[in-house]
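Below: the structure, in structure tokens.
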Protein chains: 2
Amino acid sequence: MVTYQHPHPAITTDIVIFTIQDGQLKVLLVCRANDPFKDHWALPGGFVEIDEHLEAGALRELKEETGVSGVYLEQLYTFGKPDRDPRERVITVAYYALTPINGLNIRAASDARQIGWFAYAKLPQLAFDHKDIITLAQQRLAAKLSYSTIALQFMPGKFSLSELQQVYEAVQGSPVDKRNFRKRLLAYDCMTDTGEVRRHGKHRPARLYTVKSPGKVEFVK
Amino acid sequence: MVTYQHPHPAITTDIVIFTIQDGQLKVLLVCRANDPFKDHWALPGGFVEIDEHLEAGALRELKEETGVSGVYLEQLYTFGKPDRDPRERVITVAYYALTPINGLNIRAASDARQIGWFAYAKLPQLAFDHKDIITLAQQRLAAKLSYSTIALQFMPGKFSLSELQQVYEAVQGSPVDKRNFRKRLLAYDCMTDTGEVRRHGKHRPARLYTVKSPGKVEFVK
DNA sequence: TTTATATAGTGTGTTGACTACACTAAGCTT
DNA sequence: AAGCTTAGTGTAGTCAACACACTATATAAA
């Protein structure tokens with residue numbers, strides 16, 4: 001029990017974690033076990049510990065609730081409408097995170113709490129104002145694709161240019177010209193040709209690339 | 001007195017309010033009357049009321065502490081290092097604001113609390129992590145000049161293109177080519193030529209323009 | 001082994017935008 | 001009338017973005 005002279009809002013972090021699966025932008029959601037919004041899907045997140053850095057809290061919650069760690073994380077926006085939580089005044093500092101296409105390490109389904117990836121284009125009913133948070137995160141991400149190398153945060157260790165192109169198409173929701181795309185991305189000089197190729201299917205194999213500075217997002221253009 | 005089961009951090013807003021004076025980017029600071037950092041300069045700001053929207057709190061604090069109102073306001077970032085305030089855990093949601101060159105309506109000097117405009121390039125010692133907040137705000141502002149019409153928020157009702165150019169030069173800290181600048185800004189089609197001119201000094205008078213959509217910031221380029 | 005098929009990979013010409021750059025216009029002062 | 005000071009204007013060159021269609025190479029099926 002703690003007592004203050006003036007009332008204090010509660011502070012939470014919420015994390016919009018994105019990945020690309022089957023050419024679609026997806027968001028990881030957890031099903032709430034308690035009221036309010038019991039059995040509704042919601043963003044992973046929770047209360048910030050009193051001596052914990054905000055970003056550390058976001059990473060901790062993400063790990064605890066979904067098992068995901070080692071992701072690219074960036075602060076998105078702070079949502080503070082007085083009635084956004086029916087229990088008490090809760091201000092949430094929202095973050096967004098990107099994880100590689102196959103870099104998922106989701107908590108086993110045996111866990112009590114249900115979690116799952118949902119296509120951004122087909123989200124279920126969401127708790128609180130989490131729909132607004134996800135919408136803003138997608139906008140920020142789409143904007144950032146056009147002036148930074150943030151898309152590389154979606155890529156696993158080795159990847160083909162076609163896979164990278166799919167990331168752009170999935171986030172922006174529109175097709176991209178293959179030749180112009182490759183010319184532009186290669187001009188950024190942010191990837192190394194490994195010399196290896198990957199065969200999968202009855203067609204010419206793709207060259208594989210690696211990211212030159214993993215974890216670093218550079219501004220371009 | 002309020003009691004909670006778990007400790008809650010305190011929430012404040014801080015506002016970096018910019019203007020342009022004498023061709024320089026300036027920030028409005030208030031001198032702290034109490035510990036901690038008594039007699040140090042600090043950003044205007046303060047605790048968020050329990051039922052108050054964050055943005056409303058920022059505007060209220062700005063008005064109370066400096067007398068400034070009717071400004072363009074945008075959320076900047078939330079600063080949450082556990083030890084940023086020596087008293088207790090305080091998380092601050094920082095905003096930045098722009099006010100026209102001559103649109104100042106600062107609280108009379110008769111007020112107990114001392115306030116003043118400081119050149120961004122020559123800031124005094126600042127309380128808390130307010131230096132970091134101002135630095136981030138300037139970066140955001142400078143970046144935003146290049147892809148939006150945010151600079152118009154600095155302009156009074158009628159202004160000349162030379163005055164607008166001075167805004168760009170002051171924020172970016174580097175000179176701008178006059179012909180290219182005018183070509184680009186006029187192409188954005190965000191200003192109206194009033195047909196009026198202003199004489200001040202022994203030289204050709206300048207045409208005066210008005211902003212087409214005051215208060216609106218559009219993305220360009 | 002031949003053929004079909006599916007994705008990987010490549011080049012050019014056009015257009016529009018940004019850059020660099022220097023002189024004339026017009027009012028005021030002396 | 002001359003001089004000073006800021007306002008206002010145009011062009012040529014360069015570079016980046018865009019539109020656009022075919023060849024290469026592997027596997028699978030006939």
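Hydrogens, waters and symmetry mates are skipped; everything else that's a heavy atom, side chains included, is used. In what follows, chains carry the letters A, B, and so on, assigned in the order in which the sequence lines appear, proteins first and then strands, with residues in each chain numbered from 1.
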Q: Decide yes or no on side-chain contact (heavy atoms from CB on, under 4.5 Å) for B/Met191 and B/Leu152, but give the supporting numbers first.
A: CA-CA 9 Å; B/Met191 299 175 291; B/Leu152 297 176; 4.1 Å; yes

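- Distance B/Leu208 CG to D/dA7 P: 11 Å, rounded to the nearest Å.
- Using bins of under 30°, 30° to 60° and over 60° for the plane-to-plane angle, the ring pair B/Phe219/B/Tyr147 lands in the parallel bin.
- In this structure, B/Asn180 places its CG atom 16 Å from P of D/dT14, rounding to the nearest Å.
- Contact of the B/Ile115 side chain with the B/Leu29 side chain is not registered, since no non-hydrogen atoms from C-beta on lie closer than 4.5 Å.
- Here D/dA24 presents its C1' atom at 12 Å from CZ of A/Arg207, a figure rounded to the nearest Å.
- Each of A/Phe128, A/Trp117, A/Phe118 was scored for a ring pair (Phe, Tyr, Trp, His ring centres under 6.0 Å) with A/Trp41, with one residue passing: A/Phe118.
- In this structure, A/Lys221 places its NZ atom 6 Å from P of D/dA17, rounding to the nearest Å.
- Atom CZ in B/Arg199 sits roughly 18 Å away from atom C1' in D/dC4 (whole-Å rounding).
- Mapping B/Arg184 and A/Arg182 onto DNA chain C by nearest heavy atom places A/Arg182 closer to the 5' end of the strand.
- In this structure, B/Phe181 places its CZ atom 18 Å from P of D/dG10, rounding to the nearest Å.
- The span of DNA chain C lying next to chain A, judged by atoms under 4.0 Å from heavy atoms, is bounded 5' to 3' by C/dT5 to C/dT12.
- Atom NZ in A/Lys183 sits about 10 Å away from atom P in D/dA17, given to the nearest Å.
- Taking atom OH of residue B/Tyr209 and atom C1' of nucleotide D/dA7, one finds them 10 Å apart after rounding to whole Å.
- Using modelled atom types, one finds no donor on one side chain facing an acceptor on the other under 3.5 Å when comparing B/Gln24 with B/Tyr120.
- Heavy atoms of other residues, nucleotides or ligands lying less than 6.0 angstrom from NZ of A/Lys212 number more than 12.
- The residue among A/Lys178 and A/His203 whose nearest nucleotide of DNA chain C is located toward the 5' end is A/His203.
- Contact of A/Arg179 with D/dA21 (side chain to base): a donor-acceptor pair of N or O atoms is detected under 3.5 Å.
- At the phosphate of D/dT5, neither OP1 nor OP2 sits under 4.0 Å from any side-chain N or O atom of B/Arg204.
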